Amino acid sequence: MERTDYQRILREIRREIEPFAREGRAADYIPALAEVDPDQFGICIRTIDGRIYGLERADARFSIQSITKVFSLAMCLWLEGDALWRRVGREPSGTAFNSLIQLEVERGVPRNPFINAGAIVLADVLLRHLDDPEGRFLSFVRALSGNDALDYDDRVARSEREKGYLNAAIANLLKYHGNLHGDIERVLRLYFLQCSVAMSCRDLACAFGAFADHRTPFRFDGVSLTASQVKRINAIMQTCGFYDEAGEFSFLVGLPGKSGVGGGIVAVYPQKYSVAVWSPRLNTKGNSVMGMKALELLTTRTEESIF
Ligand code: GLU
């Protein structure tokens, strides 16, 4: 059977998305992110059998931001199983990633683990169960990606904390409603550090290989999940991975995925490949302009999507 020529397809896609290279703006509400050169692009595909196809800045590390929420969810499902769903929902929010309104109306139960409120609850869960949550989280992400050199970026985390008024408001609202057990400052410190992890497209494509392959037992650094849990993480990526643009991503790309305000997007094609793309300029919903375009073209060209 002929293998898909992903390298050629990536080169074609790159040429085709060039007209969008100056569209959108890099996130600047986290001051350290505003210092990143916005005109960069990288992409990397990892097939389920381990072949890698990369282009341009595929090995440049960037701030993964909200993509980290998928790693947190995996750890929290391992720690709590279905009990986790008593504290956080699994419905799309249809609102911005940092919205407070829904959280107030729904009395402190975040709609899903991939909006900030949900991920702050996940950080609280990690703190409750683990002696060294920062160390344990990092070693899990290192094991998933197969890269021991990965690290937090303290400067980004500090920069976010200094201006993190909305996330602090979210944490206070959660506390008020009894859905945050730990100390607010402590939970936020962990949350901001998790968002600050610096990874490349190659690291992310490798890490998400584990989510693309639910048939191989998920066991990394002592964290284990059932095949059903892995599939359900993909289901939540499909419905909730792109803030209030989850429907659009599903429509245009047709894969489960997760984006971050650092300009990264990961997506998985179950049993086929995982892909990560990075370009810092974001659309008004907070998703990478070039990243969305590239993935739309990838599934169009290959005629491969889960639908
Ligand atoms: N650290 C970011 C925040 O809390 C993550 C947001 C994102 O990537 O969507 O605002």
Side-chain angles (χ1 to χ4, degrees), residues 24-36 38 61-73 88 92-103 110-124 126 134 137 141 152-174 180 184-185 187-199 201 204 208 236-237 239-246 248-249 257-267 276-289 291-292:
R25 288 186 49 204
D28 56 7
Y29 76 98
I30 301 174
L33 293 187
E35 292 165 19
V36 177
R61 290 205 192 142
F62 57 89
S63 196
I64 66 169
Q65 293 299 318
S66 269
I67 296 171
T68 207
K69 292 167 178 158
V70 183
F71 303 139
S72 299
L73 176 60
V88 56
S93 70
T95 57
F97 61 94
N98 52 9
S99 170
L100 278 165
I101 299 165
Q102 205 166 49
L103 191 62
R111 269 289 171 96
N112 67 65
F114 293 164
I115 50 174
N116 288 11
I120 291 170
V121 169
L122 299 184
D124 190 49
L126 295 181
E134 279 85 0
F137 183 78
V141 178
Y152 297 119
D153 185 332
D154 290 302
R155 213 175 65 83
V156 171
R158 255 183 288 116
S159 162
E160 181 166 12
R161 178 64 197 104
E162 275 158 28
K163 302 269 177 183
Y165 311 119
L166 262 184
N167 285 318
I170 289 171
N172 277 279
L173 204 49
L174 288 167
L180 201 79
I184 290 177
E185 274 309 313
V187 176
L188 285 175
R189 180 150 38 101
L190 174 58
Y191 170 73
F192 291 134
L193 264 180
Q194 292 180 298
C195 291
S196 81
V197 175
M199 292 174 78
C201 291
L204 283 168
F208 276 76
I236 300 174
M237 283 199 263
T239 51
C240 311
F242 293 83
Y243 322 121
D244 42 347
E245 208 172 27
E248 187 71 356
F249 189 81
K258 182 74 199 88
S259 64
V261 294
I265 301 180
V266 286
V277 58
W278 171 58
S279 186
R281 290 182 186 269
L282 309 179
N283 64 20
T284 51
K285 309 278 188 180
N287 297 313
S288 168
V289 174
M292 294 272 287

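We count ligands from 1, going down the list as the structure has it; atoms in each ligand are counted the same way. If you're wondering where the values come from, they're calculated on a predicted model, not measured in any experiment. Throughout, numbering of the chain's residues begins at 1 and tracks the sequence.
- Scanning the protein heavy atoms around atom 4 (O) of ligand 1, the nearest turns out to be Y191 OH, 2.7 Å.
- Counting only heavy atoms of the protein, atom 10 (O) of ligand 1 lies nearest to Y29 OH, 2.5 Å.
- With sequence neighbours excluded, the residues forming a side chain to side chain contact (heavy atoms under 4.5 Å, CB included) with T95 are S93, S99, Q102, listed by chain and number.
- Summarising the geometry of Q194 relative to A123, their closest heavy-atom pair is OE1-CB, 3.9 Å, with the distance given to 0.1 Å.
- Close contacts between ligand 1 and G260 involve ligand atoms 8 (O) [criterion: under 4.0 Å to a heavy atom].
- Side-chain contact of S66 with K69: a donor-acceptor pair under 3.5 Å is present, judged by distance alone.
- Between F192 and Y152, the gap from one ring centroid to the other reaches at least 6.0 Å.
- Applying the 4.0 Å criterion to heavy atoms of C195 picks out, from ligand 1, the atoms 1 (N).
- N287 and E248 form no side-chain donor-acceptor contact under 3.5 Å, judged by distance and modelled atom types alone.
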Show me the donor-acceptor pairs, under 3.5 Å and distance only, between side chains in residues 27-34 and residues at least two apart or in other chains.
| from | atom 1 | to | atom 2 | distance (Å) |
| --- | --- | --- | --- | --- |
| D28 | OD2 | R25 | NH2 | 2.6 |

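- Heavy atoms of S66 found under 4.0 angstrom from ligand 1 belong to the backbone as well as the side chain.
- Among Q194, Q65, K258, the residue whose heavy atom sits closest to atom 5 (C) of ligand 1 is Q65.
- Residue nearest to atom 8 (O) of ligand 1, selected from L188, N287, N167, V261: V261 (by heavy-atom distance).
- Near F97, meaning under 4.0 Å from any of its heavy atoms, are these atoms of ligand 1: 6 (C), 9 (O), 10 (O).
- Only the side chain of Y243 comes within 4.0 Å of ligand 1, counting heavy atoms alone; its backbone N, CA, C and O stay farther away.
- Protein heavy atom closest to atom 3 (C) of ligand 1, with residue, atom name and distance, is E160 OE2, 2.9 Å.
- Inspection of the N116 and N98 side chains reveals no N or O donor paired with an N or O acceptor under 3.5 Å.
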